[in-house]
Colleague: 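My questions all concern the structure below.
Quantities reported herein were computed from a predicted structural model and do not represent experimental measurements. No hydrogens, no waters, no symmetry mates; every other heavy atom, side chains included, goes into these values.
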Amino acid sequence: QVQLVESGGGLVQAGDSLRLSCAASGDTFNFYSVAWFRQAPGKEREFIATINVITGTTYYVESVKGRFTISKDNAGNTVNLQMDSLKPGDTARYYCAATYSSTFPYASYDYWGQGTQVTVSS
């Protein structure tokens, strides 16, 4: 049984930073990649970044490139998303997801966390 738990969300002002964490437990040994998605009210879920937990290779969508940084701890059981220069448009519920698929960066993700809310005020 695999569980993903996100933490670190909150209410910040535009220009501030937040660091989200995704802690994985259970049978995580063969995970290939972990990704972050977000979903704003009334909008579709959006893929924003992913990391290959074996090689450390990362991928970002244009809207967050240069502002967000995805990283993993040495044990590979926690993946972080450092978010800098936050904008009101970044307001959303943020989810982490993991997959055993070797397709990268746009894999089909097998496991999802419950999400953490990020609200950026102007």
Side-chain angles (χ1 to χ4, degrees):
Q1 186 78 13
V2 173
Q3 285 191 318
L4 302 176
V5 179
E6 302 94 336
S7 62
L11 171 63
V12 296
Q13 293 186 330
D16 285 351
S17 298
L18 274 177
R19 185 177 178 87
L20 306 184
S21 292
C22 173
S25 61
D27 184 15
T28 64
F29 182 73
N30 290 320
F31 277 161
Y32 191 86
S33 62
V34 176
W36 285 94
F37 291 75
R38 65 186 180 186
Q39 187 167 21
K43 294 188 177 181
E44 293 188 354
R45 186 173 60 198
E46 176 190 18
F47 165 83
I48 56 174
T50 186
I51 185 167
N52 179 319
V53 297
I54 300 170
T55 66
T57 302
T58 59
Y59 179 86
Y60 303 90
V61 296
E62 279 301 317
S63 59
V64 305
K65 195 176 292 184
R67 300 189 299 123
F68 290 11
T69 303
I70 190 170
S71 63
K72 63 179 181 70
D73 68 359
N74 288 335
N77 289 334
T78 299
V79 170
N80 302 305
L81 185 68
Q82 177 68 37
M83 306 188 296
D84 298 321
S85 303
L86 283 163
K87 305 174 182 179
D90 294 317
T91 295
R93 190 163 185 86
Y94 285 70
Y95 300 87
C96 68
T99 183
Y100 297 118
S101 170
S102 61
T103 301
F104 188 85
Y106 294 104
S108 175
Y109 288 86
D110 306 301
Y111 300 96
W112 294 82
Q114 294 299 307
T116 185
Q117 180 66 34
V118 172
T119 303
V120 184
S121 64
S122 58

Colleague: Among side-chain atoms of S101 and T99, is any donor-acceptor pair under 3.5 angstrom?
Modeller: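 Their side chains do not contain a donor-acceptor pair, so the 3.5 Å distance test is not met.
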Colleague: F31, V5: one ILVMFWY side-chain cluster at the under-4.5 Å cut-off?
Modeller: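 No: no chain of side-chain contacts under 4.5 Å links F31 to V5.
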Colleague: Between F47 and Y106, is the ring centroid distance below 6.0 Å?
Modeller: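 Under 6.0 Å, so yes.
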Colleague: I would like to know whether T55 and F104 meet side chain to side chain contact (heavy atoms under 4.5 Å, CB included); could you show each step before the answer?
Modeller: CA-CA 12 Å; T55 66; F104 188 85; over 6 Å; no
Colleague: Is it true that N80 and Q82 share a donor-acceptor pair across their side chains at a distance under 3.5 Å?
Modeller: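 The criterion, which ignores hydrogens and geometry beyond distance, is not satisfied for N80 and Q82.
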Colleague: Could you tell me how the ring of F37 sits relative to the ring of W112: parallel (under 30°), tilted (30 to 60°) or perpendicular (over 60°)?
Modeller: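 Tilted.
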Colleague: With a 3.5 Å cut-off and no angle check, do the side chains of N52 and S33 form a donor-acceptor pair?
Modeller: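 Per modelled atom types, N52 and S33 side chains form no pair under 3.5 Å.
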Colleague: Could you pull out the closest heavy-atom pair between Y94 and R38, with the gap in Å?
Modeller: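 Of all heavy-atom pairs spanning Y94 and R38, the closest is OH-NH1, 3.0 Å.
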Colleague: What do you reckon, is CD of E46 surrounded by more than 12 foreign heavy atoms closer than 6.0 Å?
Modeller: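 Enclosed: over 12 neighbouring heavy atoms sit under 6.0 Å from CD of E46.
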Colleague: Do L11 and V118 belong to the same hydrophobic cluster, where Ile, Leu, Val, Met, Phe, Trp and Tyr are linked whenever their side-chain heavy atoms lie under 4.5 Å apart, directly or via other members?
Modeller: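 L11 and V118: separate clusters.
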Colleague: Taking the ring of Y100 and the ring of Y111, is the distance between their centroids below 6.0 Å?
Modeller: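 That pair passes the under 6.0 Å test.
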Colleague: Taking CD in Q3 as the centre, count heavy atoms belonging to other residues, nucleotides or ligands within less than 6.0 Å. Is the count above 12?
Modeller: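 Check fails, neighbour count at 12 or below.
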Colleague: Hydrophobic clusters here meaning ILVMFWY residues chained together by side-chain heavy-atom distances under 4.5 Å, can you tell me if V2 and V34 are in one?
Modeller: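 Yes, because V2 and V34 connect within a single hydrophobic cluster, where side-chain heavy atoms sit under 4.5 Å apart.
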Colleague: Take W36 and E6, measure what side chain to side chain contact (heavy atoms under 4.5 Å, CB included) needs, and give me the verdict at the end.
Modeller: CA-CA 10 Å; W36 285 94; E6 302 94 336; 3.9 Å; yes
Colleague: Provide the closest heavy-atom pair for R67 versus S85 in the form atom of the first, atom of the second, distance.
Modeller: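 Scanning both residues, the minimum pair turns out to be NH1-O, 3.0 Å.
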Colleague: Locate the shortest heavy-atom distance separating T78 from S21; write the atom from each residue and the value.
Modeller: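 T78 and S21 have their closest heavy atoms at CG2-CB, 4.3 Å.
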Colleague: Please report the shortest heavy-atom distance between P88 and A14, naming the atom on each side.
Modeller: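 Result for this residue pair: CD-CB, 4.1 Å.
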Colleague: Can you check side chain to side chain contact (heavy atoms under 4.5 Å, CB included) on S63 and K87, steps first, answer last?
Modeller: CA-CA 11 Å; S63 59; K87 305 174 182 179; over 6 Å; no
Colleague: Which pair of heavy atoms, one from V12 and one from S17, lies closest together, and at what distance?
Modeller: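 Distance-wise, the nearest heavy atoms are CG1-O, 4.3 Å.
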Colleague: Counting N and O atoms only, with roles assigned by atom type, does the side chain of T91 sit under 3.5 Å from a partner on the main chain of V120, one being a donor and the other an acceptor?
Modeller: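 Checking the backbone N and O of V120 against the side chain of T91, a donor-acceptor pair under 3.5 Å is found.
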Colleague: Testing the basics here: between L20 and G9, what is the closest heavy-atom pair and its distance to 0.1 Å?
Modeller: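 Closest heavy-atom pair between L20 and G9: CD2-N, 3.6 Å.
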Colleague: Is a side-chain donor or acceptor of R93 paired with a backbone partner of G115 at a separation under 3.5 angstrom?
Modeller: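 Checked: pair present.
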Colleague: Can you tell me how far OG1 of T58 sits from NZ of K72, rounded to the nearest 0.5 angstrom?
Modeller: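 Between atom NZ of K72 and atom OG1 of T58 there are 11.5 Å.
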Colleague: Just verifying a value: how many Å separate T119 OG1 and D90 CG, rounded to the nearest 0.5 Å?
Modeller: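 Here the rounded value is 11.0 Å.
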Colleague: Find the distance between CD1 (I51) and SG (C96) and round it off to the nearest 0.5 Å.
Modeller: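 Answer for the CD1-SG pair, I51 versus C96, is 12.5 Å.
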Colleague: Between OH of Y95 and CD1 of I48, what distance do you get to the nearest 0.5 Å?
Modeller: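 Y95 atom OH to I48 atom CD1 measures 12.5 Å (nearest 0.5 Å).
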